[in-house]
Amino acid sequence: MNGIILLICMVIIVGRGESFFVDITYVESAVAKGAVCLDGSAPAYHFDKGSGAGINNWLVHIEGGGWCNNATTCLARRNGRLGSSKQMAKQIAFSGIFSNKPQFNPDFYNWNRLKVRYCDGASFTGDVEAVDPATKLYYRGARVFVAVIEDLLAKGMKNAENAILSGCSAGGLTSILNCDRFKSLLPISTNVKCFADAGFFINAKDVSGAQHIEEFYNDVVTTHGSAKHLDQSCTSKMKPSLCFFPENMVQAIQTPIFVVNAAYDSWQIKNILAPGVADPHGLWHNCKTDIKKCSTTQLQTMQEYRLEFLKALSGLVSAKSKGYFINSCYAHCQTETQETWSTSISPMLNNKTIAKAVGDWFYERSPFEKIDCPYPCDKTCHNRIFDPQDNSLA
C-alpha cells in the first residue's frame with residue numbers, strides 16, 4: 001500500500017512540476033478557403049516556439065476526440081470544443097511530448113511544438129462542398145489540415161530541417177492517414193517522419209459478432225466525403241471506408257512512421273470489442289472500468305483481441321523505416337502526459353521509455369520494433385481505471 005501511495009505522489013509531483021500553459025492561435029485566413037470546423041469557425045492550434053538547436057525543428061501534434069458519423073452525431077459536436085473553435089479553451093497545459101524541459105522531453109524539448117485542435121469529426125479527411133441549410137454543418141477536415149500546415153509554413157516551417165506529424169487517438173489516426181500528405185506539403189529538403197499514439201484502430205468484430213466499428217467508419221467516410229482523401233492504392237482495391245483502417249493502407253505509406261499503441265487499448269476494448277450496443281446487459285461494464293475486474297472469460301476474449309491487433313499490425317511490421325512500441329497496458333494515449341512519456345516510473349519496453357524509443361528511432365540512433373508479452377506480465381504499465389458512473393463511449 002505504501003508503494004502505491006508513493007507512486008501516486010510521484011505522478012502528482014511530476015504532473016504539477018513540468019506542465020505549462022500555451023495560448024490558442026486561430027487560423028482566421030482559413031475561413032476564406034472554406035477550411036473550417038463543423039460550425040464554420042476558424043481552425044486553431046496551440047504553439048510553443050522552439051529555441052537554440054531546435055529552432056528549425058517542428059512537432060505538429062493532432063488532438064484526438066473520436067468521430068461523428070452522421071448529421072445527428074455531428075450536430076451534437078457542433079457547439080462544443082470538438083466542433084467549434086469558439087468553444088475551445090483559450091489555454092491548455094503542455095506536458096509529455098510537448099514539454100519544454102530536457103529532463104522531461106530529451107529529444108524534442110527545444111523544437112517548435114504544436115497541438116492542432118480537432119474540430120472536424122473525421123480525422124481531417126472530410127471534404128464536402130455543400131452545406132445543408134438545415135444543419136449548417138461543414139465537413140471540411142481535409143481543407144483544415146492543409147490550411148493549418150500552410151499557416152505554419154508561413155510562420156517558419158518552410159525552413160524546417162526536421163518535422164514530425166504526430167497525434168493521439170483520432171489524432172493518431174490523422175497522422176497515419178495524412179502522413180504522406182504532410183510530407184508533400186513541406187520542402188523536399190526537410191527530414192519528415194510521422195508518429196501515431198493510440199491511432200491504430202483495427203477492424204474487429206464486437207463481442208456479439210457484429211461489425212460495429214466497420215459500419216461506423218463507413219458512415220464517417222460517407223458523411224464527410226472522405227474517400228477522395230484516403231490512400232488511392234487502397235481505395236482502388238477495396239471499399240473506401242476500409243481504407244480508414246490503418247491495417248489496410250499502412251504498407252503504402254512512403255514516409256517513415258512510428259506507432260505507439262497498447263495491445264489492450266482501453267478505447268478499443270470499450271468501443272470496438274465491447275461497445276454498449278453489443279453488451280445490452282452491461283456484463284462488460286466493470287471489466288471496461290478496470291481490467292483487474294475482468295472475468296477469466298473476458299480476459300481470454302481480450303487476449304484474442306490482442307492477437308487480432310498484432311495480426312492487423314503485421315503490415316507495419318514488414319515495412320521499411322517503420323518502428324513500433326506495443327505494450328500490454330490497458331491504456332489509451334501515452335505521449336501527452338508526463339508520467340507515461342518520460343519519467344523514472346513510465347512504461348518501458350526493452351528498458352526504454354516511449355520518449356527514448358521514439359527519439360532513438362527518429363534520430364536513427366537505433367531502431368525500435370518491440371511487442372510486449374501478454375497481460376499481466378508488464379509491471380511498468382499505468383493501467384487506466386475509469387469512473388464506474390461514466391457511461392460515455394469514448
Side-chain angles (χ1 to χ4, degrees), residues 14 18 48 50 53-54 57-64 94-116 160-169 171-176 179 182-183 190-200 246 250 253 255-263 265 313 316-317 319-329 331-372 378 380-382:
V14 166
E18 73 81 36
D48 189 47
N57 297 333
W58 293 72
L59 173 74
V60 180
H61 186 91
I62 311 296
E63 180 183 31
F94 269 24
S95 65
I97 196 170
F98 301 114
S99 176
N100 60 359
K101 295 183 174 64
Q103 67 268 36
F104 294 127
N105 191 22
D107 285 304
F108 309 113
Y109 73 95
N110 59 357
W111 285 37
N112 296 283
R113 286 150 287 106
L114 295 104
K115 186 169 190 175
V116 180
E161 296 170 7
N162 295 295
I164 293 176
L165 176 67
S166 63
C168 148
S169 192
L173 180 60
T174 300
S175 69
I176 296 172
C179 182
F182 179 67
K183 181 175 175 61
T190 306
N191 177 34
V192 178
K193 298 186 180 184
C194 302
F195 167 52
D197 176 12
F200 208 97
V250 71
I253 298 175
T255 309
I257 188 167
F258 193 99
V259 169
V260 168
N261 229 103
D265 183 283
L313 193 73
L316 179 76
V317 171
K320 291 182 180 179
S321 69
K322 309 294 195 290
Y324 46 90
F325 185 111
I326 310 299
N327 59 14
S328 290
C329 306
H332 184 66
C333 291
Q334 301 178 82
T335 61
E336 296 181 353
T337 53
Q338 197 59 52
E339 61 266 25
T340 48
W341 172 245
S342 179
T343 70
S344 60
I345 56 170
S346 293
M348 289 192 178
L349 277 181
N350 207 38
N351 292 317
K352 288 186 180 181
T353 62
I354 296 171
K356 177 65 173 167
V358 173
D360 283 352
W361 169 80
F362 182 85
Y363 283 110
E364 299 179 6
R365 295 188 292 252
S366 63
F368 196 91
E369 301 170 355
K370 299 296 178 185
I371 296 173
D372 209 350
D378 190 338
T380 69
C381 282
H382 289 218

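All heavy atoms count here, side chains included; hydrogens, waters and symmetry mates do not.
Evaluation of the salt bridge (charged side-chain N to carboxylate O under 4.0 Å, His left out) rule for Asp107 yields Arg365 as partners, not counting sequence neighbours. For Glu336, the salt bridge (charged side-chain N to carboxylate O under 4.0 Å, His left out) partners are Lys115, not counting sequence neighbours. Taking Asn100 as the reference, Phe20, Asp48, Arg113 meet the side chain to side chain contact (heavy atoms under 4.5 Å, CB included) condition, with sequence neighbours excluded. For Asn327, the side chain to side chain donor-acceptor pair (under 3.5 Å) criterion is met by Gln334, not counting sequence neighbours. Under the side chain to side chain contact (heavy atoms under 4.5 Å, CB included) criterion, Lys183 pairs with Val192, Thr255, not counting sequence neighbours. Residues forming a ring pair (Phe, Tyr, Trp, His ring centres under 6.0 Å) with Phe362 (at least two apart in sequence, or on another chain): Trp111. For the side chain to side chain contact (heavy atoms under 4.5 Å, CB included) test, residues two or more places apart in sequence or in another chain that qualify with Ser169 are Phe201, His332, Cys333. Applying the salt bridge (charged side-chain N to carboxylate O under 4.0 Å, His left out) criterion to Lys193, with sequence neighbours excluded, gives Glu364. In this structure, the side chain to side chain contact (heavy atoms under 4.5 Å, CB included) partners of Trp341, at least two apart in sequence or on a different chain, are Ile97, Asn105, Phe108, Phe195, Thr335, Gln338, Ile354, Ala355, Val358. For Phe368, the ring pair (Phe, Tyr, Trp, His ring centres under 6.0 Å) criterion is met by Phe325, not counting sequence neighbours. Residues passing the side chain to side chain donor-acceptor pair (under 3.5 Å) test with Asn162, sequence neighbours excluded: Asn57, Asn191.
Taking every heavy atom of both residues into account, Tyr109 and Pro106 meet most closely at CD2-O, 3.5 Å. For the residue pair Ser175 and Ile257, the shortest heavy atom distance occurs at O-CD1, 4.3 Å. Heavy atoms only, all atoms of each residue included: Ile253 and Ile176 are closest at CD1-O, 3.6 Å. Pairing each heavy atom of Cys329 with each of Ala262, the nearest pair is O-CB, 3.2 Å. Contact between Thr353 and Ser346 at its shortest, heavy atoms only, is CG2-CB, 4.1 Å. Of all non-hydrogen atoms in Ala198 and Asp265, the two that sit nearest each other are CB-OD2, 3.6 Å.
In this structure, the separation between CD1 on Ile62 and OG on Ser166 is 7.5 Å, given to the nearest 0.5 Å. Between atom CH2 of residue Trp58 and atom CG of residue Leu165 there is a gap of 14.0 Å, rounded to the nearest 0.5 Å. In this structure, CG on Leu349 lies 13.0 Å from CD on Glu369, to the nearest 0.5 angstrom. Atom CG of Asn350 and atom NZ of Lys370 lie 4.5 Å apart (nearest 0.5 Å). In this structure, the separation between CZ on Phe182 and OG1 on Thr174 is 12.5 Å, given to the nearest 0.5 Å.
Residue pairs meeting the salt bridge (Lys or Arg N to Asp or Glu O under 4.0 Å) criterion with at least one member in residues 350-359, sequence neighbours excluded, are Lys352-Asp360, Lys356-Asp360.
Side chain of Thr343 to backbone of Ile345: a donor-acceptor contact under 3.5 angstrom is found.
The side-chain heavy atoms of Leu173 and Pro246, taken from C-beta on, include a pair separated by under 4.5 Å.
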